[in-house]
Amino acid sequence: GAARFFLRGNFCLLLTGYLAKQPSLRAILRDPRGCEGLRGLVEEQVRVCRRQVEAMDAVKRGAELAVEECQHQFHSRRWNCSTLQGLQVFGKVTIQGTRESAFIHAISAAGVAFAVTRACSRGELEKCGCDRKIRGVSPEGFQWSGCSDNLSYGIAFSQAFVDNPERSRGISSSRALMNLHNNEAGRKALLAHMKLECKCHGVSGSCEVRTCWKVMPPFRKVGNILKEKFEGATEVHPKRVGSRKLLVPKSSRFKPYTAHDLVYLLASPDFCDRDPRHGVFGTYGRRCNRTSPAMDGCELLCCGRGFHTAQAEVVERCSCKFRWCCSVKCKQCRHLVEVHSCR
Ligand SMILES: *[C@@H]1O[C@H](CO)[C@@H](O)[C@H](O)[C@H]1NC(C)=O
Ligand SMILES: *[C@@H]1O[C@H](CO)[C@@H](O)[C@H](O)[C@H]1NC(C)=O
Ligand SMILES: *[C@@H]1O[C@H](CO)[C@@H](O)[C@H](O)[C@H]1NC(C)=O
């Protein structure tokens with residue numbers, strides 16, 4: 001019906017929130033409709049779900065990671081990622097096409113790739129495992145061994161699952177091009193920051209032999225990278241080049257963007273006023289910092305409307321003493337602080 005159609009166009013905004021909250025693998029398996037019982041999926045996603053239903057818990061976990069990370073990265077901004085808190089958004093979602101939407105797509109695509117890869121490495125999925133094929137001695141002289149995270153399955157899964165609503169809309173839509181680019185940039189943030197972990201072997205830790213394997217970066221790191229990409233995102237517009245449509249920087253003064261950068265088509269709204277029909281919560285009641293000149297400061301966060309001040313009691317550990325050996329004893333101190341919240 002109409003709801004289903006609506007959800008398609010806003011896949012990342014809503015499905016990310018939806019999947020993060022709703023059905024576990026067990027619930028899907030218990031539901032006689034199986035994958036068809038999941039609302040908001042396009043046909044091809046239902047097919048991916050049927051082929052690989054055991055991965056659906058990882059998809060859910062990936063969506064949860066994306067929501068948590070988004071809320072962490074944006075907690076002190078006017079738009080605090082609460083759009084993802086559920087399915088309550090109806091009507092045209094205001095952030096479509098903006099840099100906020102670019103961030104959501106990137107973090108969601110990365111979250112699904114991350115969680116599926118982790119499930120592979122833990123042996124939770126039948127169709128993938130960890131990478132034990134890297135063998136032998138590296139040029140740096142260490143021995144490859146153990147379980148390296150094999151990103152290729154998780155990345156391919158994320159491409160099949162997260163990109164699909166965009167592909168089914170057709171590559172000629174500028175919005176679809178934008179979303180696909182940002183999805184890929186999210187996965188690149190993960191791929192480009194694989195780390196080496198090593199263990200030393202030898203008499204009393206002498207490290208005669210070092211064995212190493214590759215691991216994904218912590219998801220927080222992916223969030224930090226994508227937040228930076230958000231700050232430096234490039235505004236683009238569609239341009240026909242031969243028979244293809246490309247997104248090119250809106251101004252020739254902008255540097256060309258790379259596959260790792262985020263792009264957006266539309267300027268963001270100011271997010272000041274509450275407009276639930278369009279998924280904007282406004283900043284009324286938000287905590288702000290009276291002295292900060294940045295986005296978390298009362299001036300900017302409250303959009304010039306001013307703020308209320310109240311007293312709040314905080315309990316802290318204080319007068320801590322180190323005791324030989326080895327503990328720390330503290331007292332509990334209570335004091336009053338002023339908290340400010342937007343009018
Ligand atoms: C990593 O996973 C891909 C896709 O599942 C598979 O084709 C490849 O062989 C795996 N690589 C290793 C080294 O295990
Ligand atoms: C985001 O802000 C809204 C109010 O504007 C608030 O209700 C919500 O709890 C906040 N969400 C987070 C995750 O901080
Ligand atoms: C408020 O902002 C100032 C200046 O940026 C900073 O030094 C201070 O730690 C912040 N206070 C709180 C409670 O975050």
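When a ligand or atom number is given, it counts from 1 through the structure's own listing order. Index from 1, following the sequence.
Contact annotation: H75 has no heavy atom less than 4.0 Å from any atom of ligand 2.
On the SG-SG cut-off of under 2.5 Å, C120 and C130 do not qualify. The sulfur atoms (SG) of C288 and C302 lie 2.5 Å or more from each other. Taken as a pair, C298 and C342 fail the criterion of an SG-SG distance shorter than 2.5 angstrom.
Minimum interatomic distance between S121 and C147 (heavy atoms only, all atoms of both residues): O-SG, 3.9 Å.
Contacts classified as ring pair (Phe, Tyr, Trp, His ring centres under 6.0 Å) and involving residues 285-308 (residues at least two apart or in different chains) are given here: F307-H340. Within the structure, every pair that satisfies the side-chain hydrogen bond (donor to acceptor under 3.5 Å, both in side chains) test and touches residues 320-334, not counting sequence neighbours, is listed here: E313-R334.
When heavy-atom distances to ligand 3 are checked against 4.0 Å, the residues falling inside are N289, T291, S292, ordered by chain and number.
V203 belongs to no hydrophobic cluster with other residues, because no ILVMFWY side-chain heavy atom falls under 4.5 Å from its own, directly or through intermediates.
At under 3.5 Å, not a single nitrogen or oxygen of Y284, backbone or side chain, sits near a nitrogen or oxygen of ligand 2.
Residue contacts with ligand 2 for R286 involve side-chain atoms from C-beta outward but no N, CA, C or O (heavy atoms, distance under 4.0 Å).
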